[in-house]
Engineer: 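Take this structure, written in structure tokens, and hold onto it; I'll ask about it next.
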Number of protein chains: 2
Amino acid sequence: MTIQYAILGLLSWHPFSGYDLKKVFADSAALYWSGNNNQIYTALIQLHKEGLVTRDVQVQESLPAKKIYTITEKGRAALKQWVLSMPELPEFHNTFLIQLTWADLLDSRELDALLASYEDEVRVQLLMQQEKANRQDTSPARTRREAYLSEMISQNLISIYQNELSWIGKVRQGLQHLEKSG
Amino acid sequence: MTIQYAILGLLSWHPFSGYDLKKVFADSAALYWSGNNNQIYTALIQLHKEGLVTRDVQVQESLPAKKIYTITEKGRAALKQWVLSMPELPEFHNTFLIQLTWADLLDSRELDALLASYEDEVRVQLLMQQEKANRQDTSPARTRREAYLSEMISQNLISIYQNELSWIGKVRQGLQHLEKSG
DNA sequence: ATAAGCATGTAAAGCGTTACATGATTTG
DNA sequence: CAAATCATGTAACGCTTTACATGCTTAT
């Protein structure tokens, strides 16, 4: 449950309510969790129990009380320790590659249609990611280095999608060549 | 639970026991499940219940009975239908990017060490993948097209790791430049 | 002797998503 | 009038991993 550290990180920028955290998760691709109620609210309760955040309840008229969470010094220390910890390996789950493994069951028209629809999906994803990168994101970027890292992080996903598109192009071209010659 | 289709695909090559399927999952990166007992054996029972595979029990002396599963015509039809179905989007889960998001907490030596250890991990992964691609893999490749697809599938993961390495290189270089100029 | 390989299965726990539950206010 | 926004929380379900359970044989 690394999501706790992601939440701790967001709280290191400024205090958040659970509801606002949900929105951050919803439109971030790097923060790959769905950001559903169950995850966010239980994680916040857990962080509070561990003393890594404090909770400030703002009672509102005609709306449920808003609970604002603020990171503690202990929380900042835990965050830094986690950031320093050994990186995990990235996980690439691509069900399409598994489909392709048995795509020899298809005729050439079906196969090319399959590749084309995957290409479309990836292209949409790339455009969304590029658009998001153009809009200023939620991060503060007080230092030049922080701004640079933020830029490189969104570049990472973009380059993965571009790599994927160029791979698809190669595959489709190769298949057409096989068709003609074979 | 797409793992059922992956198993069905493997069985379309030739019959397998659960134990042998486990080994296939264990050394395949594209088949991204761990391939633990629970998944494999319950999936096989489920596939059998649905009539997509038949089971042949080979009693052995002084070893547990080996159960060999063979795909049925119904199973082949289900597999083809799945291969034709709309591709899912790939999922990239990279916890390291989340670490980097708050890496401005680190001094430049700590940050470069973090990047260096991630680079090492990715490089090892790439080498393993390249080595695996050189060894003949478990797939049969009866047609030229099947061989080509198989080649491109292992190329996909390799290109992702290469893309990742070139990204890390760019990040580290950019940070060194910031150090000198800033 | 100890570990690894052969071979199957179940149980428990963790993590994640969807759906349920409530209820006022604002926007289309 | 319906849908979205604000705001929190719980319940149920499903997938995945780890651990438990058994037990013989072969290699180090």
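Here is how names work: the chains are called A, B, and so on, in the same order as the sequence lines, proteins then strands, and each is numbered from 1.
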Engineer: Phe25(A) CZ to dA7(D) C1': how many Å, rounded?
Structural biologist: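 Those two atoms, CZ and C1', are 17 Å apart.
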Engineer: Take atom CH2 of Trp33(A) and atom C1' of dC15(D), then tell me their distance rounded to the nearest Å.
Structural biologist: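 So the two atoms are 18 Å apart, to the nearest Å.
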Engineer: At less than 4.0 Å, is any side-chain N or O atom of Lys23(A) found next to OP1 or OP2 of dC6(D)? Yes or no.
Structural biologist: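 Answer yes for this pair, as a side-chain N or O of Lys23(A) is under 4.0 Å from OP1 or OP2.
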Engineer: Mind checking whether Thr70(A) and Val53(A) have side chains closer than 4.5 Å, heavy atoms only?
Structural biologist: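 They are not in contact (no side-chain heavy atoms under 4.5 Å apart), so the answer is no.
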Engineer: Does a side-chain N or O of Tyr41(A) approach OP1 or OP2 of dG9(D) to a distance below 4.0 Å, or not?
Structural biologist: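 It does not, given that no N or O in the side chain of Tyr41(A) lies less than 4.0 Å from OP1 or OP2 of dG9(D).
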Engineer: NZ of Lys66(A) versus P of dG9(D): gap in Å, rounded?
Structural biologist: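 It is 14 Å, rounded to the nearest whole Å.
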Engineer: Are Phe92(B) and Tyr161(A), when compared by the centres of their aromatic rings, separated by less than 6.0 Å?
Structural biologist: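 Ring centres of Tyr161(A) and Phe92(B) closer than 6.0 Å.
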Engineer: How many Å lie between CZ on Phe16(A) and C1' on dC6(D), as a whole number?
Structural biologist: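 To the nearest whole Å, that distance equals 16 Å.
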Engineer: Do the side chains of Leu105(B) and Tyr5(A) join up, straight or via other hydrophobic residues, at under 4.5 Å, putting them in one cluster?
Structural biologist: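 Shared cluster, yes.
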Engineer: Could Asp112(B) and Arg172(B) be called an ion pair, given the rule that one side-chain N must be under 4.0 Å from one carboxylate O?
Structural biologist: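 Looking at Arg172(B) together with Asp112(B), the answer is yes, because their closest N to O distance falls below 4.0 Å.
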Engineer: Is any side-chain N or O of Lys67(A) closer than 4.0 Å to OP1 or OP2 of dG9(D)?
Structural biologist: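 Affirmative; the distance criterion is met.
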Engineer: Can you tell me if the side-chain N/O atoms of Gln39(B) get under 4.0 Å from OP1 or OP2 in dC15(D)?
Structural biologist: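 For dC15(D), neither OP1 nor OP2 has a side-chain N or O of Gln39(B) closer than 4.0 Å.
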Engineer: Specify the separation, in whole Å, of atom CD of Glu91(A) and atom C1' of dC15(C).
Structural biologist: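 About 12 Å, once rounded to whole Å.
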Engineer: In whole angstroms, how far is the C1' atom of dA7(C) from the CD1 atom of Ile68(B)?
Structural biologist: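 Answer to the nearest Å: 11 Å.
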Engineer: Measure the distance from CD on Gln46(A) to C1' on dC15(C) and round it to the nearest whole Å.
Structural biologist: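 Going from CD in Gln46(A) over to C1' in dC15(C) covers 14 Å.
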Engineer: Phe96(A) vs Trp167(A) aromatic rings, parallel, tilted or perpendicular, using cut-offs 30° and 60°?
Structural biologist: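 Phe96(A) and Trp167(A): perpendicular rings.
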Engineer: From NE2 of His93(B) over to C1' of dT16(D), roughly how many Å is that when rounded to an integer?
Structural biologist: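 Distance, rounded to whole Å: 14 Å.
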Engineer: How does each nucleotide of nucleotides 18-25 of chain D score, in 5' to 3' order, for protein heavy atoms under 4.0 Å: base (B), sugar-phosphate only (S), or none (-)?
Structural biologist: B----BSS
Engineer: OP1 or OP2 of dA7(D) less than 4.0 angstrom from a side-chain nitrogen or oxygen of Gln60(A), does that happen here?
Structural biologist: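 Yes, Gln60(A) has a side-chain N/O under 4.0 Å of OP1/OP2 on dA7(D).
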Engineer: Could you check whether the rings of Trp13(A) and Trp102(B) sit parallel, tilted or perpendicular, using 30° and 60° as the cut-offs?
Structural biologist: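 The arrangement is tilted - the two ring planes meet at 30° to 60°.
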Engineer: Count the heavy atoms belonging to other residues, nucleotides or ligands that lie under 6.0 Å from CD of Gln173(B), then report whether that count exceeds 12.
Structural biologist: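 No - once you tally the heavy atoms of other residues, nucleotides and ligands closer than 6.0 Å, there are 12 at most.
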